[in-house]
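Every heavy atom of this structure was used, including side-chain atoms; hydrogens, water molecules and symmetry mates were not.
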Amino acid sequence: MENMGFVSLIPPLLSIALAVTFRNVIISLFVGLFTGLLILSAGNPLEATTSTIRDYLSPQLTDSYNAAVIVLLFFIGGFVALVEHSGGGAAMASRTIAYLNTKAKTQIAAWCGGLIIFFSDMGTPLIVGPVFEKIFDKVKASREKLAWILDSTSSPVAVLIPFIGWGVYIMGLIGEEFGHLGIDTPEFSAFVQAIPFQFYAILTVLAVPTVAIARVDFGAMRRADQRVLETGKLYWPGSTPLRNIDVDQKYGGVESHPSLIWLPLAVLFVTLFGLLIAAGFPFQTVPGSDFRVALSTAYLFASVVLIAMMLYFKVKRLGAIFDTYLAGMQKMVSVVLILVLAWALGSLLKEMGTANYIVALTQGTIPPFIVPAIIFLSAAGMSFATGSSWGTFAIMLPLAIPMAAGLEAPIIVSIAAVLSGGIFGDHCSPISDSTILASTGAGCDHIDHVKTQLPYALVNGAITLVSFVIAGITHSSLTVLFSIAGMIAIFYLLARLQTRRTPAH
């Protein structure tokens with residue numbers, strides 16, 4: 001296997017180091033790419049610059065596959081912005097308030113609200129949180145619990161869905177690497193096959209109803225709930241609630257209707273699956289190009305319906321609606337830049353033989369079954385340090401996929417290990433955007449949110465690590481059943497142990 005030796009590790013290691021230090025993925029990827037080309041050009045900066053533009057960035061933008069992904073991301077960005085500003089999510093949540101008279105019902109309702117707003121990981125806490133915070137106060141459930149629920153239904157839900165921005169972004173990275181390796185599996189099929197192996201995301205999403213229904217709180221979260229129940233105080237002494245007034249004005253106070261959520265989504269699903277079924281789904285493998293066209297069409301139709309409904313309900317004027325749609329598209333520019341740079345860096349690493357070098361170093365010393373667990377830990381560490389799961393995916397997938405192929409480790413499980421590690425590290429990180437937004441949406445002190453969420457995250461992270469070892473051996477998607485059973489048992493045990501030490505009143 002041809003490679004440039006240790007030198008081939010410099011671009012990815014430099015990208016990781018810069019991402020951790022400066023927490024800017026775009027700059028980190030660009031510097032890693034440029035440094036690699038500087039090495040290939042024997043230190044000639046002019047040649048490295050021209051090669052960066054001519055041979056690596058421009059081809060990524062002109063490639064038909066990549067262009068289709070970019071167009072789709074812009075359609076998704078516009079639609080998500082319309083939904084977030086339509087007020088439909090808040091209207092739907094407010095209709096259920098009258099029925100929420102217990103802690104369990106309230107927590108499950110907030111959880112369902114997060115699942116309904118699956119298309120926007122950033123919108124979930126800012127739409128659902130302000131609606132439910134007063135209800136949580138009424139039933140004497142802590143703001144920390146609400147922040148945890150918001151955080152558990154944002155990125156952990158989004159990473160499991162192939163037809164939103166997260167899935168399209170991840171499939172773009174997978175498809176590029178599969179192309180380099182000559183793997184015929186469509187990226188859509190690979191993503192779907194990886195879903196049962198996304199142990200951390202699945203455990204995190206299911207932890208909320210487990211805690212709410214079985215009442216198996218433990219750790220700092222249990223103490224926070226006892227504080228509210230026994231003293232009525234929403235915060236610990238010295239806590240500072242995190243709330244941006246602009247957020248309240250942006251997502252609240254819009255007279256709207258629940259149909260602005262469910263009808264556009266219904267149009268999206270009917271259009272998407274109608275086109276996919278016409279292409280042979282689920283009995284035949286749908287090519288990635290057909291999937292992207294179907295998805296772009298579905299988002300376009302859903303946006304047109306939503307625009308018409310916003311005009312009908314007089315949510316905004318037509319000019320303001322188009323401004324919102326274009327602003328949503330503009331938000332995807334940074335995502336597109338990350339994708340293009342990740343594709344370019346992946347091409348560079350293939351040319352330098354980075355994965356070949358890692359395989360040559362580790363072959364015979366690391367058993368293939370342990371590779372997914374190692375990938376999970378590496379991705380988790382990077383995501384925790386950078387506070388960015390997307391940045392972690394961009395750097396780790398181009399390394400993990402060819403490494404797994406070279407070491408004969410299960411590729412699908414290894415892909416899921418990158419995704420699970422990215423979500424786990426992001427969930428634990430106090431500098432993560434999603435963690436900060438969950439605190440904001442719940443009107444909760446940020447550090448209190450991190451402290452109360454961490455015990456649940458660490459338990460699920462440990463179960464996930466063991467699950468990847470098992471999945472590395474068995475290659476079986478049924479491993480997720482072991483993971484879920486383990487989470488329920490450990491949560492119950494920890495809650496019982498804490499009850500014995502400090503009985504709840």
Write down the atom of [X], the atom of [Y], and the distance for their closest heavy-atom approach.
X	Y	answer
M487	L203	SD-O, 3.3 Å
P196	V480	O-CB, 3.4 Å
H85	A81	ND1-O, 2.9 Å
I53	P59	O-CD, 4.3 Å
S239	P241	O-CD, 3.8 Å
K145	D225	NZ-OD2, 2.8 Å

Got [X] and [Y] here, is their nearest side-chain heavy-atom distance under 4.5 Å?
X	Y	value
C444	L146	no
T479	F199	yes
F22	S28	no
T435	P430	no
F30	T52	yes
F376	T464	yes
S389	V159	no
F197	S477	yes

Given salt bridge (Lys or Arg N to Asp or Glu O under 4.0 Å), test E176 with K350 step by step and report yes or no. CA-CA 11 Å; E176 186 80 2; K350 179 180 181 295; over 6 Å; no
Dump the intermediate steps for side-chain contact (heavy atoms from CB on, under 4.5 Å) on S51 and L40, then the final yes or no. CA-CA 10 Å; S51 181; L40 291 180; over 6 Å; no
L61 backbone acceptor or donor facing N66 side chain under 3.5 Å: no
Between I423 and Q198, is a side-chain contact (heavy atoms from CB on, under 4.5 Å) present by the stated rule, with each step listed? CA-CA 10 Å; I423 297 297; Q198 290 200 50; 5.5 Å; no
Working to the nearest 0.5 Å, report the span between [atom1] of [X] and [atom2] of [Y].
X	Y	atom1	atom2	answer
D55	Q60	CG	CD	11.0 Å
L458	I463	CG	CD1	11.0 Å
M396	I415	CE	CD1	12.5 Å
S189	D184	OG	CG	11.5 Å
M221	H449	CE	NE2	8.0 Å

Please identify which of these residues, R222, R223, R227, meets the salt bridge (Lys or Arg N to Asp or Glu O under 4.0 Å) condition with E144. R227
S483 and S467: side-chain donor and acceptor closer than 3.5 Å? yes
Can you tell me if N3 and S8 form a side-chain donor-acceptor pair at under 3.5 Å? no
Carefully, step by step, assess Y299 and F163 under the rule ring-ring contact (aromatic ring centres under 6.0 Å, His included). CA-CA 10 Å; Y299 271 102; F163 47 81; 7.8 Å; no
In chain order, what residues pass the side-chain contact (heavy atoms from CB on, under 4.5 Å) check against S429, with sequence neighbours excluded? F384, I431, S432
Option from Y200, W148, F424 for which ring-ring contact (aromatic ring centres under 6.0 Å, His included) with Y456 holds: W148
With side-chain contact (heavy atoms from CB on, under 4.5 Å) as the test, would you mind laying out the steps for D63 and W343 before giving the verdict? CA-CA 11 Å; D63 180 84; W343 287 330; over 6 Å; no
